[in-house]
Amino acid sequence: AQSVAQPEDQVNVAEGNPLTVKCTYSVSGNPYLFWYVQYPNRGLQFLLKYITGDNLVKGSYGFEAEFNKSQTSFHLKKPSALVSDSALYFCAVRDTDGLTFGKGTHLIIQP
Amino acid sequence: DAGVIQSPRHEVTEMGQEVTLRCKPISGHDYLFWYRQTMMRGLELLIYFNNNVPIDDSGMPEDRFSAKMPNASFSTLKIQPSEPRDSAVYFCASRHSGGYYEQYFGPGTRLTVT
């Protein structure tokens, strides 16, 4: 079965600093990888995906993710964090017809 | 595009009552997914449909839960009878088979069973 792991329940970053939210994956075959963000009392919003090609994928709100095949990782990054980036972030992998989600990482940006 | 629409946004009911959650997927999307989110269990896939046909309902917790998709524009998730442990946020999501598997989520229904 396909799976993803998000090793950190919470990540704290000062506003203006770079941020990284970690994700590792375990798949058979080529992975399709995704990041979603969930703001309080809202549904999950699609941020970006990796299917093939360039290992650095750019997405919404200035986020990007780096696909690393040798480390089986797909970490979410942003060069300069904003307080408004505070939210719950989910990594996901294609699994049959749907997606398998990680447990989520709370990102807290401190002013 | 209006996105995925769910109703009601909030539902408070008493134990033993029937609850019906509704979802309208994005027009043209042929896959529809129902999820449940709780603090303890995180995000769980309950059931999904392709072209209105249920494909995998292995995530449905018990016979008290049922889901239907009578047409491409509408799906329901029913709980009968409801129990306090069913309290959660229920999400509907949809995607198009011609895409790369990204799903688009509705705003969710927050269910509280007292």
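The figures here come from the full heavy-atom set of this structure, side chains too, leaving out hydrogens, waters and symmetry mates. By convention in this document, chain letters (A, B, ...) are assigned in the order of the sequence lines, proteins followed by strands, and residues within each chain are numbered from 1.
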Consider only side-chain heavy atoms of I, L, V, M, F, W and Y, link residues closer than 4.5 Å, and tell whether [X] and [Y] are in one cluster.
X: A/Phe74; Y: A/Leu76; answer: yes
X: A/Leu48; Y: A/Leu19; answer: yes
X: B/Val4; Y: A/Leu47; answer: no
X: A/Phe46; Y: B/Val89; answer: yes
X: B/Phe91; Y: B/Phe74; answer: no

B/Glu62, CD: over 12 other non-hydrogen atoms inside 6.0 angstrom: yes

Part of A/Ile51 within contact of chain B (heavy atom distance under 4.5 Å):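 Interface part for A/Ile51: side chain.
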
Contacting region of A/Leu88 [heavy-atom separation from chain B under 4.5 Å]: side chain

For B/Met39, the rest of its hydrophobic cluster, which grows through side-chain links under 4.5 angstrom: none

Enumerate, by atom name, each donor-acceptor pair separated by under 3.5 Å where one atom lies in chain B and the other in chain A.
{"unit_1": "B/Tyr31", "atom_1": "OH", "unit_2": "A/Asp97", "atom_2": "OD1", "d": "3.4"}
{"unit_1": "B/Gln37", "atom_1": "OE1", "unit_2": "A/Gln38", "atom_2": "NE2", "d": "3.0"}
{"unit_1": "B/Gln37", "atom_1": "NE2", "unit_2": "A/Gln38", "atom_2": "OE1", "d": "3.0"}
{"unit_1": "B/Tyr48", "atom_1": "OH", "unit_2": "A/Asp97", "atom_2": "OD2", "d": "2.8"}
{"unit_1": "B/Arg95", "atom_1": "NE", "unit_2": "A/Asp97", "atom_2": "O", "d": "3.0"}
{"unit_1": "B/Arg95", "atom_1": "NH2", "unit_2": "A/Asp97", "atom_2": "O", "d": "2.8"}
{"unit_1": "B/Tyr101", "atom_1": "OH", "unit_2": "A/Arg94", "atom_2": "NH2", "d": "3.2"}
{"unit_1": "B/Gln103", "atom_1": "N", "unit_2": "A/Tyr36", "atom_2": "OH", "d": "2.8"}
{"unit_1": "B/Gln103", "atom_1": "O", "unit_2": "A/Tyr36", "atom_2": "OH", "d": "2.8"}
{"unit_1": "B/Arg110", "atom_1": "NH2", "unit_2": "A/Asn41", "atom_2": "OD1", "d": "3.3"}

Region of B/Leu45 in contact with chain A, defined by heavy-atom distances below 4.5 Å: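 The answer is neither part of B/Leu45.
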
